[in-house]
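A short worksheet on the structure shown next.
Naming convention: chains lettered A, B, ... in sequence-line order (proteins, then strands); numbering from 1 in each chain.
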There are 2 protein chains.
Amino acid sequence: MKLSTKTRYGTRALLDLAINQEKGPVQLKDIAQRQSISLTYLEHLVTPLINAGIVRSARGRKGGIWLAKSPQEIRLDEVILLLEGSNAPVECVDRPDICPRSGSCVTRDIWTEMKKALDDVLAATTLQDLMDRQNAGTQAVARS
Amino acid sequence: MKLSTKTRYGTRALLDLAINQEKGPVQLKDIAQRQSISLTYLEHLVTPLINAGIVRSARGRKGGIWLAKSPQEIRLDEVILLLEGSNAPVECVDRPDICPRSGSCVTRDIWTEMKKALDDVLAATTLQDLMDRQNAGTQAVARS
DNA sequence: ATTATTGTAGACTAGATTAGTCAACAATAA
DNA sequence: TTATTGTTGACTAATCTAGTCTACAATAAT
């Protein structure tokens with residue numbers, strides 16, 4: 001069960017943005033360069049974050065993107081939900097109606113516990129936490 | 001992040017086996033029929049379980065498969081590891097060497113926490129637990 | 001010994017998904 | 001007006017998933 005590169009790159013991009021937004025809008029071009037992601041691909045990663053309202057953007061000269069909320073208000077569970085979708089490892093966890101046995105299926109209970117465990121881990125960490133941890137380590141940089 | 005059908009079907013097959021093995025070897029044909037899985041596909045699901053030694057088999061008439069250990073000795077983390085592979089959502093969690101920044105990457109720490117959370121959930125449940133839960137519910141049947 | 005029955009192994013394939021690229025467009029500041 | 005920046009969606013190559021198909025190996029019943 002692997003996260004997509006979309007999620008990994010998107011998370012890195014968001015952390016990069018959080019770190020570099022002090023001086024105003026950050027250009028996608030610069031994030032792409034720092035994170036070694038192609039600009040065209042990065043655009044697709046950022047789109048869902050903008051649509052969801054956790055990132056804002058402006059076009060044209062001096063344009064760029066910035067966080068719509070402070071880093072401590074952005075939890076990773078929101079981020080991963082936008083980039084990757086639900087943490088439910090099986091569809092029936094979120095949509096019991098797709099399987100007639102959902103109400104009594106014992107494996108479904110396990111899949112549900114897995115989802116909750118992931119949600120809990122991700123909800124316990126904010127972008128600010130990642131920034132702090134990165135500052136704590138000398139040359140810590142997200143590369144996953 | 002979704003589990004493959006291989007894992008979902010394999011888990012169901014194993015639970016089916018645990019429930020039906022009282023009267024000796026269970027034939028793949030019968031598991032396939034009860035669980036609505038094609039026989040040829042089921043064979044592939046069972047192979048890794050046999051190779052890992054948690055299921056044993058015999059060919060020919062009166063052949064079939066059975067659990068090599070008691071259901072309470074078979075934890076779900078073993079099962080999912082065999083069917084799905086590691087719970088690491090990113091490769092670098094298991095193999096830090098593939099990325100030069102693994103030692104200082106702040107997102108890797110999160111991916112590592114996710115893996116641990118999944119491992120903990122799955123290690124806390126055995127096949128016997130699933131059997132007990134199924135017996136507790138009236139017509140509970142695994143269908144995921 | 002022969003045969004029907006069962007599991008084993010691996011090549012193969014269709015379809016879905018992922019990880020992107022490319023081109024045209026829209027908005028803004030200089 | 002123009003250069004610069006983000007937006008959108010079509011498109012594609014490569015990979016992965018979910019299987020099927022064929023030949024084979026071992027065993028029990030006859």
Phosphate contact ([N] OP1 or OP2) by [X] side-chain N/O below 4.0 Å:
X: B:K29; N: C:dT6; answer: yes
X: A:Y9; N: C:dA19; answer: no
X: A:T5; N: C:dT18; answer: no
X: A:T40; N: C:dT21; answer: yes

Rounded to the nearest angstrom, tell me the gap between atom [atom1] in [X] and atom [atom2] in [N].
X: B:K2; N: C:dA16; atom1: NZ; atom2: P; result: 18 Å
X: B:I50; N: C:dG7; atom1: CD1; atom2: C1'; result: 7 Å
X: B:Y41; N: C:dT13; atom1: OH; atom2: C1'; result: 14 Å
X: A:K6; N: C:dT17; atom1: NZ; atom2: C1'; result: 12 Å
X: A:L45; N: C:dG20; atom1: CG; atom2: C1'; result: 10 Å
X: A:R8; N: C:dT18; atom1: CZ; atom2: P; result: 13 Å
X: A:R59; N: C:dA30; atom1: CZ; atom2: C1'; result: 19 Å
X: A:Q27; N: C:dT28; atom1: CD; atom2: C1'; result: 13 Å

Which heavy-atom pair separates B:G10 from B:L45 by the least distance, and what is that distance?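 Closest approach of B:G10 to B:L45: N-CD1, 3.8 Å.
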
Touch class at under 4.0 angstrom, heavy-atom based, for B:V55 against every strand present: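 No contact.
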
Check: [Y] and [X] side chains under 4.5 Å, non-hydrogen atoms:
X: B:T125; Y: A:D109; result: no
X: A:L28; Y: A:E43; result: yes
X: B:V55; Y: B:L17; result: yes

Watson-Crick or G-U counterpart of C:dA30, or none if no pair lies under 3.5 Å: D:dT1

Please check: side-chain N/O of A:K2 versus main-chain N/O of B:A88, any donor-acceptor pairing under 3.5 Å? yes

Ignoring hydrogens and angles, tell me if any N or O in the side chain of B:E84 forms a donor-acceptor pair with the backbone of B:S4 under 3.5 Å. yes

Would you compute the distance between atom CG of A:D129 and atom CD of A:Q72 and round it to the nearest 0.5 angstrom? 9.0 Å

Among C:dA19, C:dA4, C:dA30, which nucleotide has an atom closest to any side-chain atom of B:R61? C:dA4

Tell me which nucleotide among C:dA4, C:dG7, C:dG10 gets nearest to the side chain of B:H44.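 Selected nucleotide: C:dG10.
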
First and last nucleotide of DNA chain D touching chain B, 5' to 3', heavy-atom cut-off 4.0 Å? D:dA18 to D:dA29

Between B:I65 and A:E84, who's closer to the 5' end of DNA chain C by nearest nucleotide?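 Whichever sits nearer the 5' end wins; that is B:I65.
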
Closest-nucleotide mapping onto DNA chain C: is B:L28 or A:S4 further toward the 5' terminus? I mean the 5' end.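 Nearest-nucleotide comparison on DNA chain C picks B:L28.
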
Salt-bridge present (B:K116, B:D120; N to O < 4.0 Å):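 Yes, this pair counts.
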
